[in-house]
Structures are given as C-alpha cells and as structure tokens.
Amino acid sequence: MKYITIWFVFVFSIITPYFAKDCAAETYRVMRYIESFPPYYFPKSSFQSGIVKDIFAALSKETGDTFEFVSLPYKRALYQFVTGKIDIEPMANPAWRSHSSVPGIYSIPFGVSEQIVLYNAKYAQPAYLPEDFAGETVGTVAGYTYPVFGVYFADGRIKEHQLKSENKLIQMLIADRLHQAIMNKDFALYRIKTEQLKDQLVVSKPCNSVPMMIRVHPSRKDALPKFNKAIKKLLEDGTISKIYGQYR
C-alpha cells in the first residue's frame with residue numbers, strides 16, 4: 001500500500017501541471033488585417049506564416065491557449081475590438097489607440113516598431129525629422145498615427161498625401177509620383193530585399209520608435225498575467241529574437 005501511495009503521488013505531481021494548464025486554456029480571437037503586410041502577415045496562400053503568427057504559436061505552446069485569427073479590413077477590425085467581438089490586437093501601442101472608446105489593456109513589450117522615411121532613390125537625403133520636410137509632400141497611410149509628424153501635418157507645414165496602404169505608397173514611390181513616404185521599417189526592408197528594390201528605394205534613420213505590445217480587450221484582462229509570463233520567457237530564451245531574425 002505504501003508503494004502504491006508513493007507511485008500515485010509521483011504520477012500526480014507529473015500530470016498536475018499539464019492538467020492545470022489545459023484547464024486554464026482559453027480561446028482568443030485575434031485581429032488580422034485582410035491585406036498582407038510582410039514580414040508580419042502573409043497571404044493565406046504563402047508558405048510563410050509571418051512574425052505575428054509565429055510569435056502567437058510560441059505563446060500558445062507556453063500558455064496552452066488557442067488563438068483564432070480573424071481576417072478583417074483595418075477599420076472593421078478596430079471596431080470589432082471595441083465591441084468585444086475581437087479579443088486581441090496582436091501588435092499595438094497605447095499611443096496608437098488613445099482616442100479609442102476602448103483603449104484596451106496591454107502586455108509587457110515584446111518588440112519594437114520603427115517608422116522610417118522611405119525615399120525614391122532619386123530624391124534620397126539624410127533627412128528623417130519633420131522640420132526637414134517643411135513645404136514638402138510626404139506619403140502616409142490613411143488612419144495611421146504619426147506621433148512625430150502629426151503636428152506638422154495638422155498645421156500644414158508638411159503636406160500629407162494619404163493612401164490606403166504601405167503597398168500603395170511603395171507603388172507611388174517607384175512610379176516617381178511621390179518623393180518620400182513614412183512607413184514601418186521592417187516592411188520597407190522586407191520589400192526591398194525580396195523584390196530587389198535597393199537601387200530604387202532608400203531607407204532613412206528611424207524617425208520614431210515605439211514598443212510593441214499585445215492589446216487585450218478589458219473583458220479578457222485575466223489573460224494578461226499568463227501572457228506577460230510567457231512573453232518574458234520567450235524574450236529571455238531568445239525565441240522572439242529568432243522569430244524576427246528569420247524575416248530579416
């Protein structure tokens with residue numbers, strides 16, 4: 001009887017952590033914009049999953065949770081977060097959503113998003129700060145937040161040419177219809193690398209850098225402690241760094 005009891009305690013001690021993890025596992029709906037945004041998102045037909053899905057796959061291994069990606073247009077995705085139909089915005093910063101009626105709550109940072117000025121190579125210059133572009137036209141994405149340049153756009157010191165996506169901005173730059181545009185550094189470098197555009201496009205120094213976090217709907221706030229614990233582990237063991245490195 002003594003040995004049976006010891007055996008039971010031993011088995012229970014092994015099984016319990018996994019059982020508890022499974023019991024605590026949840027399903028979360030994660031917003032994914034319809035348009036591809038490599039290296040963060042790729043089309044469903046692509047063999048590459050992208051930085052966002054890879055990071056959430058790693059999170060899933062740590063927490064046991066299931067993450068369902070819901071493809072939506074940009075504005076509808078943000079609206080469904082507000083209404084609670086979407087639980088998570090996977091890469092966000094509080095400054096970007098400060099005007100939302102539901103700002104959300106945020107995980108600890110797991111990465112950095114850098115905005116750069118992307119030039120048509122014929123017009124490239126060392127400039128990357130807003131005062132350097134007084135009186136000029138700069139391409140932007142409609143609906144995006146530009147913390148450094150925003151005041152200059154608002155008062156007219158810089159003319160803002162809005163398009164619906166970074167892909168459209170790059171098309172305009174290559175077609176010589178724009179001299180410069182502001183966009184995400186990783187996206188610009190990935191397009192230049194994979195499409196051999198280094199002779200046509202030039203990347204500036206970063207003009208803005210913000211921490212990337214998981215934005216969680218307040219109704220799912222109980223998830224934050226386990227997300228933060230998992231993120232910390234994935235940062236410390238180099239998993240997140242390796243994921244970013246695969247696409248750079």
Side-chain angles (χ1 to χ4, degrees), residues 8-72 77-78 80-81 84-94 96-97 104-114 184-187 189-190 193-194 210-248:
F8 177 78
V9 171
F10 174 73
V11 172
F12 185 77
S13 68
I14 294 175
I15 293 175
T16 297
Y18 295 97
F19 180 75
K21 184 176 179 180
D22 290 340
C23 287
E26 299 275 357
T27 298
Y28 300 92
R29 290 168 59 83
V30 183
M31 69 170 70
R32 182 200 186 283
Y33 307 134
I34 286 178
E35 187 164 355
S36 64
F37 188 58
Y40 299 106
Y41 302 103
F42 287 88
K44 291 182 179 179
S45 58
S46 174
F47 69 93
Q48 292 177 293
S49 49
I51 290 173
V52 170
K53 280 196 171 182
D54 286 353
I55 287 176
F56 274 78
L59 279 175
S60 180
K61 288 181 180 179
E62 295 298 322
T63 65
D65 296 319
T66 299
F67 298 103
E68 295 180 353
F69 284 85
V70 182
S71 296
L72 294 166
L78 295 180
Q80 290 208 0
F81 180 90
K85 293 180 180 179
I86 292 290
D87 303 311
I88 289 172
E89 182 176 7
M91 300 185 80
N93 182 276
W96 298 353
R97 307 294 176 236
I105 51 180
Y106 291 82
S107 71
I108 61 174
F110 61 83
V112 174
S113 175
E114 294 179 311
N184 177 272
K185 179 181 176 180
D186 284 328
F187 175 82
L189 290 177
Y190 188 84
K193 177 183 176 181
T194 58
V210 295
M212 285 290 88
M213 311 170 191
I214 298 174
R215 179 186 178 213
V216 179
H217 193 275
S219 65
R220 309 304 300 270
K221 64 182 180 180
D222 291 347
L224 271 185
K226 63 179 173 180
F227 287 176
N228 287 338
K229 181 180 178 180
I231 290 169
K232 185 178 179 182
K233 179 180 181 298
L234 295 172
L235 287 170
E236 290 176 349
D237 68 17
T239 298
I240 289 178
S241 179
K242 288 177 183 176
I243 289 171
Y244 274 96
Q246 292 173 9
Y247 298 95
R248 287 176 173 168

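One is the number of the first residue; the rest follow in order along the sequence.
- Distance check, rounded to the nearest 0.5 Å: OG of S241 to CG of L234 gives 11.5 Å.
- For the pair L72/R32, no side-chain contact is recorded, criterion being any heavy-atom separation below 4.5 Å from C-beta on.
- Closest heavy-atom contact between I231 and I240: O-CD1, 4.4 Å.
- Put simply, the side chain of V216 reaches to within 4.5 Å of the side chain of L224, judged on heavy atoms.
- Heavy-atom minimum distance, A58 versus I243: CB-CD1, 4.4 Å.
- In terms of modelled atom types and a separation under 3.5 Å, the side chain of R29 and the main chain of V70 share no donor-acceptor contact.
- Between the side chain of N93 and the main chain of M212, no donor-acceptor pair closer than 3.5 Å is present.
- Residues passing the ring-ring contact (aromatic ring centres under 6.0 Å, His included) test with F187 are F37, sequence neighbours excluded.
- Interatomic distance, M91 CE to F56 CZ, rounded to the nearest 0.5 Å: 9.0 Å.
- In this structure, F227 has its ring center closer than 6.0 angstrom to the ring center of Y28.
- For the side chain to side chain contact (heavy atoms under 4.5 Å, CB included) with P90, the lone residue among I55, I51, V30 that qualifies is V30.
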### Task
Applying side-chain contact (heavy atoms from CB on, under 4.5 Å), run through F42 and S36 and close with a yes or a no.
CA-CA 5 Å; F42 287 88; S36 64; 5.5 Å; no
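- Counting only heavy atoms from C-beta outward, the side chains of Y106 and P94 approach each other to under 4.5 Å.
- Applying the salt bridge (charged side-chain N to carboxylate O under 4.0 Å, His left out) definition to pairs two or more places apart or across chains, those involving residues 215-227 are E26-R220, D65-K226, D87-R220, E89-R215.
- In terms of the side chain to side chain contact (heavy atoms under 4.5 Å, CB included) criterion, residue partners of S49 (sequence neighbours excluded) are, by chain and number, K53, D54, Y247.
- Contacts of S45 classified as side-chain hydrogen bond (donor to acceptor under 3.5 Å, both in side chains), with partners at least two apart in sequence or in another chain: none.
- Proximity of E62 to K233: side-chain heavy atoms (C-beta onward) are separated by under 4.5 Å at one or more points.
- Contact record, L235 with P109: CD1-O, 3.6 Å, taken as the closest heavy-atom pair.
- The shortest distance between side-chain heavy atoms of W96 and S113 falls below 4.5 Å.
- By the 4.5 Å heavy-atom criterion applied to side chains, S71 and Y33 are not counted as neighbours.
- Listed by chain and number, the residues in a side-chain hydrogen bond (donor to acceptor under 3.5 Å, both in side chains) with D186 are Y40, R248 (sequence neighbours excluded).
- Residues that satisfy the side chain to side chain contact (heavy atoms under 4.5 Å, CB included) test with T27, not counting sequence neighbours, are T66, E68.
- Listed by chain and residue number, nothing satisfies the side chain to side chain contact (heavy atoms under 4.5 Å, CB included) test with K193 (two or more places apart in sequence, or in another chain).
- In this structure the side chain of V210 never reaches within 4.5 angstrom of the side chain of E114, judged on heavy atoms.
- When all heavy atoms of M213 and F110 are compared, the pair lying nearest together is C-CE2, 3.6 Å.
- Residue pairs meeting the salt bridge (charged side-chain N to carboxylate O under 4.0 Å, His left out) criterion with at least one member in residues 37-49, sequence neighbours excluded, do not occur.
- The two residues I108 and K232 come nearest to each other via the heavy atoms CD1-N, 4.0 Å.
- Looking at Y41 and S46, their side chains never come closer than 4.5 Å, going by heavy atoms from C-beta outward.
- Not counting sequence neighbours, the partners of F81 by the ring-ring contact (aromatic ring centres under 6.0 Å, His included) test are H217.
- Annotation: side-chain hydrogen bond (donor to acceptor under 3.5 Å, both in side chains) contacts of K242 (sequence neighbours excluded): none.
- When every heavy atom of T63 is checked against every heavy atom of A230, the shortest pair comes out as CG2-CB, 4.0 Å.
- Taking K229 as the reference, nothing meets the side chain to side chain contact (heavy atoms under 4.5 Å, CB included) condition, with sequence neighbours excluded.
- Residues satisfying the side-chain hydrogen bond (donor to acceptor under 3.5 Å, both in side chains) criterion with T239, sequence neighbours excluded, are D237.
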